[in-house]
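One structure is given below, encoded as C-alpha cells.
Order of the sequence lines fixes the chain letters, A, B, ..., with proteins taken first and strands second; residue numbering starts at 1 for each chain. Every value quoted in this text rests on a predicted model; they were computed, and no experiment measured them.
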Amino acid sequence: MRVQRNPVVRFAPSPTGVLHLGGARTALFNYLFARHHNGRFLLRIEDTDRVRSAESVTESILESLRWMGLKWDGDMIIQSRRRDRHKAFCFRLWEMKRAYPCFCTLETLRRKREIAEKNSGDTRYDGTCRGLEEEEVRKRIQNGESHVLRFRVPEGETVFQDRVRERVQVSHDTLDDFVILRSDGMPVYQAAVVVDDHDMGITHVIRGDDHLSNTPKQILLYQAAGWPVPCFAHVPMILGPDKKRLSKRYGATSVEAYREAGYLPQALVNYLALLGWSPGDNREIMTLDELVFSFSLEGITKNPAVFDETKLVWLNGRIISGMDSVELVEKAAPWLIDSGLTDEDFIRNNPQYMIRFVELLKDRIRKLKDFAEKGGYFFRDPDQYDDKACKKHWKVPESGIRLKTLLPLLKQTEWTVEALEKTVRKAADEQQENAGQWIHPLRIALTGFGVSPGIFELAAVLGRDSVLRRIQNALKRLP
RNA sequence: GGCGCGUUCGUCUAGUGGUCCAGGACGCCGGCCUCUCACGUCGGUAACACGGGUUCGACUCCCGUACGCGCUACCA
C-alpha cells in the first residue's frame with residue numbers, strides 16, 4: 001500500500017504508569033514508520049485523567065524513550081493544557097446538536113448499569129437525556145445542575161480500512177451516546193484524542209489493539225466535526241506466558257526494569273520490533289537503521305504475541321558480543337562501579353586492561369550485569385572457591401603439587417599467552433599428564449570458579465604478580 | 001451477555017490456491033571444536049485449532065464451532 005509522502009504520527013502515552021513493553025513497542029512502530037517514510041514522529045502526553053496522572057511518571061516515560069533512541073520531533077504536547085480547545089470542540093458539537101447535556105448522576109447511572117447487568121446484560125447508556133426539551137435543559141443548567149456532554153450517535157454503521165486488520169465494520173446499534181465532556185469540564189479521552197490528532201495533523205494513528213473498539217466512536221467525532229479521518233493501524237497486544245495481557249505478575253514489564261536488568265536498548269528495540277512484526281525475510285538481528293529501512297505496516301501480524309524473555313536474552317548476548325569493546329567498557333562501567341569491584345579512576349587509567357577484560361568476557365555473557373557478576377576476578381583475588389569445581393578438579397593431592405611445580409616456572413616465563421600456554425603444557429607433558437589436569441586447578445586458583453575465559457589469555461591479562469599471588473593463596477587453602 | 005478482533009512448531013514468525021510430506025529464529029536434544037564455559041559449526045525435535053463447504057487442488061477463500069484477547073467508565 002502506498003503511503004502519502006510525509007506522514008505524521010504520534011505516540012500518546014498516558015502518565016498513569018511507567019513505560020511498559022506494549023507502549024514501548026507502539027512507540028517504536030510509530031517511530032519506524034515515521035522515519036521510514038520521512039515523516040514526523042510526535043509525542044503527546046494524555047493526562048486528562050487528572051486523578052491517576054502523575055508528573056514524575058511523565059519524566060520516566062521520556063527517559064525510557066530516550067534510552068531506546070526514539071527521538072521525537074518538535075515539542076511534546078501536554079493534553080491537559082489544551083483543555084479549552086477540547087471544551088470548545090465539545091460545545092461546538094452541542095451547538096450543532098451533535099451532542100447534548102446529560103444530567104444523569106453517576107449514582108443513577110451506576111444503579112441502572114447494575115440492574116442491566118442482571119437482566120439484559122446491555123449496560124449502555126439508555127438515552128434518558130437525549131430528547132430533553134431545550135427549555136428544560138436551560139432551566140436545569142441555570143439551577144446549577146451538574147451535567148456532562150454526550151455525543152449523539154447517529155444511526156447507521158461505520159466501516160473503515162484498518163492497515164493491519166483490513167476491513168472493520170461496526171453497527172451503531174452497538175454503540176451508545178458516550179460522554180465527551182465531564183461534569184467538571186475536563187474532556188474525555190475520545191474527544192481529546194480526536195481534537196489533538198486533528199490539530200497536530202496526524203495522518204496515521206498507530207496504536208494498540210485495545211483501541212480498536214473505540215475507533216468507530218472517534219471516526220464519528222471526526223465526521224461530526226467535518227474533519228478528514230486519519231488512517232488507522234491497530235497493533236496486536238503483547239501477552240504474558242499465560243496468554244493474558246502482559247502484567248506485572250509475570251516479572252518485569254517496564255522498559256526501566258529491563259534497563260536495570262542489564263539489557264541493551266538495541267536488544268530491546270530489536271526484540272520488540274520482531275514481536276508482532278516481521279521484515280519478511282529471515283533476518284533476526286537488526287540495527288535501528290535497518291529496522292527503519294525495512295519497516296512497513298504490512299509486516300505487522302494480526303495476532304497477539306507472547307513475550308519470550310529467553311529470546312530477548314539471546315539477542316542481548318549476541319549484540320553484546322558484536323559490540324565494539326571500547327563502547328562496551330563504557331556500558332559495563334556502571335555495573336562494575338555499583339558492585340564495588342572497581343572505580344572510575346581505575347577504569348579511566350587502565351583502558352587497555354578494561355578492553356582485554358570485556359573482550360575475554362563478551363562472547364560468554366548475555367547481560368551487562370554479567371560483567372560484574374561473572375568477571376569479578378579481573379578486579380580482586382578470589383576469596384572463596386566454587387564447591388563443585390573444587391570437588392571435581394581440586395580435591396586430589398596432585399593439584400597442590402602441580403600448582404607448586406608451576407610457581408617457579410611461571411616466575412620466569414615470558415608473560416605472553418603463547419609462552420604461558422607452552423610452559424603449562426610442557427610441565428604437564430613432563431609428568432606425562434593431561435594438560436587439563438593442570439589447567440583446571442589453575443583456573444580455580446585464579447578465578448575461584450570452574451568456568452572462565454581461556455586460562456592463558458586470562459593469566460596474560462591478570463599479570464604475573466596477580467597470578468603468582470593467587471596461586472600462593474590457593475595453595476594455602478588446599479586440603 | 002452484546003459487539004469487535006484473532007487462532008501455523010513450547011515461543012516469535014515465513015507463507016496471499018499447486019513450488020509446503022510447511023521455511024527461519026529462540027528453546028530443547030545430540031555431534032564437532034576444546035583447558036572449562038561461551039562462541040562457532042553440523043544435525044535432530046516440533047505446528048497449519050476443529051467441522052463443514054467452494055475448487056481439479058486449500059495453511060491459504062467462505063460458513064459454523066471451540067478457545068483466547070479486547071471494548072462495553074464522567075480510564076486512557
Side-chain angles (χ1 to χ4, degrees), chain A residues 12-16 46-49 51-53 79 102 104-106 109-110 113 116-117 119-125 146-150 162 165 168-171 173-176 178-184 186-190 192-193 208-217 234 236-237 239 241 243-245 271 274-285 301-315 317-318 321 361-366 374 389 392-393 421 424-425 428 434-440 442-444 447 449-456:
Chain A
S14 66
T16 51
E46 305 211 323
D47 58 346
T48 52
D49 180 355
V51 181
R52 298 195 303 158
S53 297
Q79 192 162 62
C102 166
C104 298
T105 64
L106 273 160
L109 254 19
R110 192 187 57 79
R113 223 178 351 253
E117 237 163 69
N119 303 325
S120 60
D122 182 359
T123 57
R124 287 131 73 216
Y125 175 63
S146 167
H147 62 280
V148 299
L149 241 36
R150 284 182 186 272
D162 188 275
R165 310 263 67 138
V168 178
Q169 181 174 19
V170 175
S171 163
D173 293 345
T174 68
L175 270 27
D176 65 356
F178 53 95
V179 174
I180 54 178
L181 192 67
R182 294 183 177 95
S183 52
D184 65 358
M186 278 299 271
V188 170
Y189 168 74
Q190 309 288 7
V193 232
D209 206 341
D210 46 344
H211 290 287
L212 187 62
S213 306
N214 288 322
T215 307
K217 294 181 190 170
H234 287 94
M237 306 267 85
L239 273 25
K243 309 249 181 170
K244 290 211 197 307
R245 202 174 175 158
Y271 178 73
L274 257 23
L275 202 60
W277 174 80
S278 158
D281 49 38
N282 287 327
R283 279 177 299 166
E284 299 280 341
I285 298 178
T301 340
K302 288 182 170 62
N303 32 339
V306 173
F307 182 78
D308 176 21
E309 189 156 337
T310 63
K311 187 155 182 179
L312 206 210
V313 170
W314 167 77
L315 247 176
R318 299 313 315 129
S321 77
L361 245 25
K362 69 181 187 180
D363 274 342
R364 51 199 99 218
I365 63 160
R366 290 169 172 248
K374 298 189 176 167
K392 201 164 173 198
H393 299 299
E421 176 154 15
V424 174
R425 288 192 186 279
N434 196 309
Q437 292 174 295
W438 290 61
I439 286 169
H440 292 302
L442 183 57
R443 167 171 291 115
I444 294 172
T447 70
F449 294 108
V451 304
S452 80
I455 197 67
F456 306 113

B:A76 -> Watson-Crick or G-U wobble partner, both distances under 3.5 Å, gives none
- request: Report yes if a side-chain nitrogen or oxygen of A:K243 is closer than 4.0 Å to either non-bridging phosphate oxygen (OP1 or OP2) of B:U11; otherwise report no.
  value: yes
Would A:E117 and A:R113 count as a salt bridge (Lys or Arg N to Asp or Glu O under 4.0 Å) here? Give the steps.
CA-CA 6 Å; A:E117 237 163 69; A:R113 223 178 351 253; 5.7 Å; no
Which is true for A:T174 with a 4.0 Å heavy-atom rule: it touches a base, it touches only sugar-phosphate, or it touches nothing? sugar-phosphate
Review point. Can a side chain N or O of A:R318 be found less than 4.0 Å away from OP1 or OP2 on B:A38?
Key: no
Using Watson-Crick geometry (N1-N3 plus N6-O4 or O6-N4) or G-U wobble (N1-O2, O6-N3), each under 3.5 Å, B:A14 is paired with none
Looking only at B:C75, B:G68, B:C5, the nucleotide nearest the A:V168 side chain is B:C5
- Sub-4.5 Å side-chain heavy-atom contact between A:D210 and A:M237: yes
The nucleotide from B:G23, B:C71, B:A76 with an atom nearest the side chain of A:S213 is B:C71
Residues at least two apart in sequence or cross-chain that pass ring-ring contact (aromatic ring centres under 6.0 Å, His included) with A:Y189, listed by chain then number, are A:H211
Using Watson-Crick geometry (N1-N3 plus N6-O4 or O6-N4) or G-U wobble (N1-O2, O6-N3), each under 3.5 Å, B:C33 is paired with none
Should A:R113 be listed as having a side-chain N or O under 4.0 Å from OP1 or OP2 of B:C74? yes
Exercise. Under 4.0 angstrom, heavy atoms only, what part of the nucleic acid is A:L106 near: base, sugar-phosphate, or nothing?
Worked result: base
Regarding the side chain of A:R182, the nearest nucleotide among B:A14, B:C75, B:G6 is B:C75
By ring-ring contact (aromatic ring centres under 6.0 Å, His included), A:Y271 pairs with (sequence neighbours left out) A:F307
Separation of B:C75 atom C1' from A:M186 atom CE, nearest Å, is 12 Å
Atom C1', compared across B:G10 and B:C20: separation rounded to whole Å: 22 Å
Check: What distance, rounded to whole Å, do you find between the two P atoms, one in B:C26 and one in B:C21?
Finding: 25 Å
Regarding the side chain of A:K244, the nearest nucleotide among B:C74, B:U13, B:C69 is B:C69
Re B:C39: Watson-Crick or G-U wobble partner, both distances kept under 3.5 Å, found to be none
At 4.0 Å (heavy atoms only), tell me whether A:V188 reaches a base, stays on the sugar-phosphate, or touches nothing. sugar-phosphate
query: Salt bridge or not for A:R182 and A:D184, using N-O below 4.0 Å?
result: no
Can a side chain N or O of A:R150 be found less than 4.0 Å away from OP1 or OP2 on B:C74?
-> yes
From CD of A:E284 across to P of B:U13 the rounded distance in Å is 11 Å
Check your understanding: Under 4.0 angstrom, heavy atoms only, what part of the nucleic acid is A:R283 near: base, sugar-phosphate, or nothing?
Key -> nothing
Per nearest nucleotide of RNA chain B, the residue lying toward the 5' end, A:E46 or A:I365, is A:I365
Whole-Å distance, A:K302 NZ to B:C5 C1', equals 11 Å
Requested in this report: Report yes if some heavy atom in the side chain of A:P453 is under 4.5 Å from a heavy atom in the side chain of A:L361; otherwise report no.
Outcome: yes
5'-most contact on RNA chain B (nearest-nucleotide basis), A:Q169 vs A:V306, goes to A:Q169
Taken to the nearest whole Å, CZ/A:F307 to C1'/B:G10 is 16 Å
Would A:R443 and A:S452 count as having a side-chain donor-acceptor pair, cut-off 3.5 Å?
yes
Atom CG of A:L315 and atom P of B:C39 are separated, to the nearest Å, by 13 Å
Quiz item: Phosphate oxygens OP1/OP2 of B:G1: is one of them under 4.0 Å from a side-chain N or O of A:N119?
Solution: no
C1' gap between B:U19 and B:C63, integer Å: 30 Å
**Study point:** Pairwise C1' distance, B:G15 and B:U7 [rounded to whole Å]
**Key:** 16 Å
Any strand, both distances under 3.5 Å, Watson-Crick or G-U wobble: B:C3 pairs with B:G70
TODO: Could you give the distance separating B:C9 and B:A25 at their C1' atoms, to the nearest angstrom?
DONE: 12 Å
Per-nucleotide protein contact along nucleotides 27-37 of chain B, 5' to 3', at a 4.0 Å heavy-atom cut-off (B base, S sugar-phosphate only, - neither), is S-------BBB
Per atom distances to the A:S14 side chain, the nearest of B:C5, B:U72, B:A76 is B:A76
Indicate yes or no for a side-chain donor-acceptor contact from A:D176 to the backbone of A:Y125 under 3.5 Å, with no hydrogens or angles considered. yes
| message | Within the 4.0 Å heavy-atom criterion, would you say A:T16 contacts the bases, only the backbone, or no part of the nucleic acid? | response | nothing
- Item | Any donor-acceptor N or O pair under 3.5 Å, side chains A:D209, A:H234 | no
Testing B:C69, B:A76, B:C5 for proximity to the side chain of A:Q79, the answer is B:A76
Between B:G64 and B:G6, how far apart are the P atoms? Round to whole Å, please. 14 Å
Of the candidates B:C69, B:C12, B:A76, the side chain of A:M237 sits closest to B:C69
(Q) When the P atoms of B:G31 and B:C39 are compared, how many Å lie between them, rounded to an integer? (A) 16 Å
Picking from B:C12, B:C71, B:C74, the nucleotide nearest the side-chain atoms of A:R245 would be B:C71
Any strand, both distances under 3.5 Å, Watson-Crick or G-U wobble: B:U60 pairs with none
Worksheet item: What interatomic distance, in whole Å, is found between C1' of B:C12 and the corresponding atom of B:C28?
Response: 16 Å
Whole-Å distance, A:N282 CG to B:C26 C1', equals 13 Å
For the side chain of A:N214 and the base of B:A76, is some donor closer than 3.5 Å to an acceptor across the two? yes
Next item on the list: Would you indicate what A:H234 reaches in the nucleic acid, counting non-hydrogen atoms under 4.0 angstrom: base, sugar-phosphate, or nothing?
Entry: nothing
| task | Output yes when a side-chain donor or acceptor of A:T301 lies under 3.5 Å from a complementary backbone atom of A:N303, and no otherwise. | result | no
Do the side-chain N and O atoms of A:D308 and A:T310 include a donor-acceptor pair separated by under 3.5 angstrom?
-> yes
